[in-house]
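Residue numbering restarts at 1 for every chain, and letters A, B, ... go by the order of the sequence lines.
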Amino acid sequence: MKDLNFSVIARSSSCNARRGRMNTVHGPIDTPVFMPVGTQASVKSVSPEELDDVGARIILGNTYHLFLRPGTDRIARLGGLHKFMHWSGSILTDSGGFQVFSLARINKIEEDGVAFQSHIDGSRRVLRPETAIECQMQLGSDIAMCFDECTSYPVSYEYALDSMERTVRWAARCREVHTREDQALFGIVQGSVFPDLRRSCLDALMKIGFDGYALGSLSVGEAKEEMMSVLEALTPELPVSKPRYVMGVGTPEDLVEGVRCGVDMFDCVMPTRNARNGTLFTSNGNVQIKNNRYQEDEGPVEPGCTCYTCRRFSRAYLRHLYMSRELLAYRLNTIHNLHYYVGLMSAMREAIEGDTFEDWRRDFHRKRGTGTEPGE
RNA sequence: GGAGAGGUUCCCGAGUGGCCAAAGGGAGCAGACUGUAAAUCUGUUGGCGAAGCCUUCGGAGGUUCGAACCCUCCCCUCUCCA
């Protein structure tokens, strides 16, 4: 395992927000950080250069998807994931645990591992904790994740307990077989919305010892308040000296509240998927670019935004591209959304450093708040 | 001029006596999307506040308890033959 030498550079005096830095083989990462999702060795619709331009320094890859196609062994023979996709920044790979949740209809969970039916060709595949780690070592990501079960919501206490304990046993097996010295390994805290389960899971994972700790199974259908209460209850318990990662979260508001609780890392498909589905994020609220009110709107998506898209194109043009299903729409929208997300994190880092986070946060919510016309 | 086919709700197009405010598709309008089986999915698209009522299937008459659907005349489009 690789120690990321995570250090906290600054803290907010009024909340748990913290600004830190870690060192991966592919460069330093300033936290809090947002990691765009690049499931199949690609952040959908944008090039590595464009990713770099929007300021992304670390992205996600997915073990399950790359295991099925083109095969992690093949990627290893081709020089690893970074070289394969021509991305020189850092990569965190998810273990496939999320697919246990998202492809639940075609898999079967057992103690040894999860039997999947490939969503591509229906063939039967097994992902065991050992397999997931082996695959991630083949991919050569900077940060690997333990193989876990992302539980659905709602879930009974009994099932959550059972699943959480299995996830802990899997984590120990992952830790056992993980041998890459240049790759960090994170544990994943499960336990659904039950505070005692979350806590005992975290305790067990800390006994095993990881380079960072993630919170899983959030934003899977539970109420916002439930997610926040898990965050608020658990973040103070997480080791201060290790990165804290909330998996799969979230909306801009979620990121800000997560940072307030002391979370360092986030990933989410929202900026990329929603871009392709016509929702653009701005500090003044979301813009549904397909709405007919933008038909002849010559302004940029977000006034003052410095992204490639906003510097060049009008809402009217972007609406036209989207309505016409032109491929450029997906790319330009994704560039803007990623620029917004990455910029949001950068603004938060700055606010924490200047110890103005609480004021900044109030301002953020006021501007994003419903009732305000986007961009006006 | 002759023969034939046809005119349906924004568009295409089904429907040929009651279960039709009218299938399906397109286009439009709106919404959803949180470790990506997603360039996807959902809702909606005559009027009125609901049960229900009103207007609507080229136009005008007619038959019938009842017509988008049957009959008559008219208008228009397309194809073929002169």
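- Spacing of P atoms, B/C41 relative to B/C48, comes out at 32 Å, to the nearest Å.
- In this entry B/A30 has B/U42 as its Watson-Crick or G-U wobble partner, both defining distances falling under 3.5 Å.
- Residue A/Leu60 is in sugar-phosphate contact alone, with no base atom involved, counting any heavy-atom pair closer than 4.0 Å across all strands shown.
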Please lay out, stage by stage, how A/Arg199 and A/Asp196 fare under the test side chain to side chain contact (heavy atoms under 4.5 Å, CB included).
CA-CA 5 Å; A/Arg199 202 153 288 144; A/Asp196 61 315; 5.6 Å; no
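- Residue contacts shown for A/Glu257 are absent, as no nucleic acid heavy atom lies under 4.0 Å away.
- Within the 4.0 angstrom heavy-atom criterion, no nucleotide atom of any strand lies near A/Met145.
- At most 12 heavy atoms of other shown residues, nucleotides or ligands fall within 6.0 angstrom of atom CD in A/Glu296.
- Look at B/A68: it lacks any Watson-Crick or wobble partner with both distances under 3.5 angstrom.
- Listed by first and then second residue, the salt bridge (Lys or Arg N to Asp or Glu O under 4.0 Å) pairs that reach into residues 263-283 of chain A are A/Arg18-A/Asp264, sequence neighbours excluded.
- Straight-line distance between the C1' atoms of B/G59 and B/A27: roughly 29 Å, to the nearest whole Å.
- Using a 4.0 Å heavy-atom cutoff across all strands shown, A/Arg331 reaches no nucleic acid atom at all.
- Using a 4.0 Å heavy-atom distance criterion, A/Asp267 is classed as a sugar-phosphate-only contact.
- Nucleotides B/A38 and B/U45 have their P atoms positioned 31 Å apart, rounded to a whole Å.
- Across all strands shown, B/A21 forms no Watson-Crick or G-U wobble pair with both distances under 3.5 Å.
- Here the rule is salt bridge (Lys or Arg N to Asp or Glu O under 4.0 Å) with A/Arg368, and of A/Glu257, A/Glu302, A/Glu253 only A/Glu253 fits it.
- Taking the P atoms as reference points, B/A68 lies 10 Å from B/G58, given to the whole Å.
- Comparing B/G13 with B/U79, their P atoms are spaced 15 Å from each other, to the whole Å.
- Using atom P as the reference point in both B/U56 and B/A67, the two lie 12 Å apart (nearest Å).
- Nucleotides B/C71 and B/G17 place their C1' atoms 13 Å apart, quoted to the nearest Å.
- Between A/Tyr317 and A/His320, the ring-plane angle classifies as tilted under the 30° and 60° cut-offs.
- One side chain, A/Tyr153 or A/Glu226, offers a donor N or O that lies under 3.5 Å from an acceptor on the other.
- B/C54 sits 29 Å from B/G15 when the P atoms are compared, rounded to a whole Å.
- Nearer the 5' end of RNA chain B, as judged by each residue's closest nucleotide, is the contact made by A/Asn291, out of A/Asn291 and A/His119.
- In this model, no donor atom of one side chain and acceptor atom of the other lie less than 3.5 Å apart for A/Gln190 and A/Ser163.
- Each of A/His65 and A/Lys224 was matched to the nucleotide of RNA chain B holding its nearest heavy atom; the match closer to the 5' end belongs to A/Lys224.
- Among the protein residues, A/Asn277 comes within range of the nucleic acid bases, having at least one heavy atom under 4.0 Å from a base atom.
- Nucleotide B/A5: paired with B/U77 (Watson-Crick or G-U wobble, both distances less than 3.5 Å).
- In this structure, B/C53 forms a base pair with B/G47, meeting either the Watson-Crick or the G-U wobble geometry with both donor-acceptor distances under 3.5 Å.
- The footprint of chain A on RNA chain B, defined by a heavy-atom cutoff below 4.0 Å, extends from B/G28 to B/U40.
- Within 4.0 Å of A/Leu327, counting heavy atoms only, lies at least one base atom of the nucleic acid.
- Contact annotation for A/Ile120: no contact, since no heavy-atom pair falls under 4.0 Å across all strands.
- Side chain to side chain, A/Thr356 and A/Asp359 fail the donor-acceptor criterion of an N or O pair below 3.5 Å.
- Note on A/Ser45: nothing from the nucleic acid sits closer than 4.0 angstrom, heavy atoms only.
- A salt bridge (Lys or Arg N to Asp or Glu O under 4.0 Å) check over residues 321-349 of chain A, counting only residues at least two apart or in different chains, returns the pairs A/Glu50-A/Arg331.
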